[in-house]
Asks: 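Below is a structure I'd like to ask you about.
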Amino acid sequence: MDRQPHIAVVGSANIDLITYTDSFPRAGETIFGREFSLGFGGKGANQAVAARLCGARVSMVARVGDDLFGPATIENFVFRGIDASRVLVTPGVSSGVAPIFVESSGQNRIWVVKGANDRLLPEDVDAAADLLWRADMIVLQLEIPLETVYYTLRFARAQGIRTILNPAPGQPLDLRQAGVADYVIPNETEAEALGGVPVHSLEDARVCALRLLEGGLRRVIVTLGANGALCAGADGIRHIAAFPVAPVDTTGAGDAFIGSLACFLAAGCEEAEAISRANLYAALSTMAAGTQKSFVTRERFEKEWDARQAAVR
Ligand code: RIB
């Protein structure tokens, strides 16, 4: 990396309550789960941690509750070397939490209770302007109010700061307002929520991406899990292949992709290589259990990247 980029994340922080199980109870039924893990999560926080582990300087703009989880979340940011000076505690509100269920295939189901994340308002973005102005890239998701997302995108464009919008959890958006972002990066289900086109294959992703560009998005990257990623813009569409791995837990893989991609792009990496690197960073995160706990260091990543490059030569 030629220079250390500065990434700012305006987004969510949750506590993840992960249960590993192979079956789900019917109404009124109690069953046993296999294992349980408590960890730091939230799409915004995860993306911040991934960018930091990849070597970026990272600042977080977020809100937590005044419960047990709030101070612990702030401590986790500080421990990881992330600037948490703009992570505010909201009195009388719970922190964001996410009950998550992971099957033995590694597939997950996630509920998010937004709590204090829903109190992150445009005023908070203004209050953090002195810090945001200095960022090379601002990264956003949809676990905070939409008005804050759109406001931050306009703020960043007016200041000439590049942005990534990860439209997760999936929901329909005003594409003109979302199109202020330099990159919009959905997975298959989020792309479907945005474009109204089912995405089950590479061809579906192509059709959906074209529709999203027509609707007003500038540049779209649809992440396709084991099928890699599809990048579409005015200059055409290209597919970037995934790296094969044996997944044990896919929770947070999308966040690993976004956070690492932000770091690689902002560090000046050419786009196709940055996407390929982010594909590998995300794939590696699926090989261990947990969300942030499964993200690898830059050192470990580079070793794996070199090995995979050597294998294709
Ligand atoms: O993308 C995974 C994340 O989604 C979890 O950490 C959970 O908190 C939810 O935000």
Side-chain angles (χ1 to χ4, degrees), residues 9-20 36-53 58 60-65 67-70 72-74 76-77 80 82 87 94-103 106-120 139-146 148-149 164-171 184-191 193 221-225 229 247-262 278-279 281-295:
V9 177
V10 178
S12 58
N14 295 333
I15 292 293
D16 288 351
L17 308 135
I18 309 180
T19 298
Y20 296 87
F36 175 78
S37 160
L38 184 71
F40 295 103
K43 295 182 193 300
N46 297 343
Q47 292 169 19
V49 168
R52 177 72 191 130
L53 283 168
V58 179
M60 185 79 201
V61 179
R63 277 191 176 268
V64 294
D67 49 15
L68 280 177
F69 297 148
T73 299
I74 293 173
N76 179 52
F77 285 132
R80 291 186 174 275
I82 293 171
V87 180
S94 79
S95 292
V97 292
I100 299 176
F101 294 85
V102 181
E103 298 165 24
Q107 193 53 257
N108 62 52
R109 295 159 207 253
I110 305 179
W111 284 253
V112 170
V113 182
K114 290 198 273 180
N117 295 308
D118 220 17
R119 306 292 180 97
L120 191 71
V139 180
L140 297 127
Q141 323 72 32
L142 301 182
E143 291 179 333
I144 58 172
L146 264 186
T148 309
V149 171
I164 289 178
L165 170 60
N166 171 220
Q171 53 189 280
V184 176
I185 309 184
N187 67 12
E188 291 108 316
T189 53
E190 293 147 8
I221 300 175
V222 184
T223 58
L224 301 160
V248 298
D249 182 356
T250 58
T251 313
D255 301 328
F257 180 92
I258 303 279
S260 62
L261 180 71
N279 274 346
Y281 192 82
L284 294 176
S285 80
T286 68
M287 295 170 69
T291 318
Q292 295 175 19
K293 287 176 192 168
S294 67
F295 295 175

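Just follow the structure's listing: the first ligand is 1, and inside any ligand the first atom is 1.
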Asks: Examine distances only and state if a side-chain atom of Ser12 and a backbone atom of Gly44 form a donor-acceptor pair shorter than 3.5 Å.
Replies: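 Indeed, once roles are kept as given, a pair shorter than 3.5 Å links the two residues.
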Asks: Take Arg80 and Leu53, measure what side chain to side chain contact (heavy atoms under 4.5 Å, CB included) needs, and give me the verdict at the end.
Replies: CA-CA 8 Å; Arg80 291 186 174 275; Leu53 283 168; 4.2 Å; yes
Asks: Which N or O atoms of ligand 1 sit under 3.5 Å from a protein N or O, and how far apart is each pair?
Replies:
unit_1	atom_1	unit_2	atom_2	d
ligand 1	1 (O)	Lys43	NZ	2.9
ligand 1	1 (O)	Asp255	OD2	2.7
ligand 1	4 (O)	Lys43	NZ	3.0
ligand 1	6 (O)	Asp16	OD1	3.2
ligand 1	6 (O)	Asp16	OD2	2.6
ligand 1	6 (O)	Gly42	N	3.0
ligand 1	6 (O)	Asn46	ND2	3.0
ligand 1	8 (O)	Asn14	ND2	3.0
ligand 1	8 (O)	Asp16	OD1	2.6
ligand 1	8 (O)	Gly42	N	2.9
ligand 1	10 (O)	Asn14	ND2	3.1
ligand 1	10 (O)	Lys43	N	3.4
ligand 1	10 (O)	Glu143	OE1	3.1
ligand 1	10 (O)	Glu143	OE2	2.6

Asks: Do the side chain of Asn14 and the main chain of Gly41 share a donor and acceptor less than 3.5 angstrom apart?
Replies: no
Asks: Tell me every residue that passes salt bridge (charged side-chain N to carboxylate O under 4.0 Å, His left out) with Asp67, counting only those two or more places apart in sequence or in another chain.
Replies: none
Asks: Just jot down the ring-ring contact (aromatic ring centres under 6.0 Å, His included) partners of Tyr20, sequence neighbours excluded, or say none.
Replies: none
Asks: For Lys293, which residues count as a salt bridge (charged side-chain N to carboxylate O under 4.0 Å, His left out) partner, sequence neighbours excluded?
Replies: none
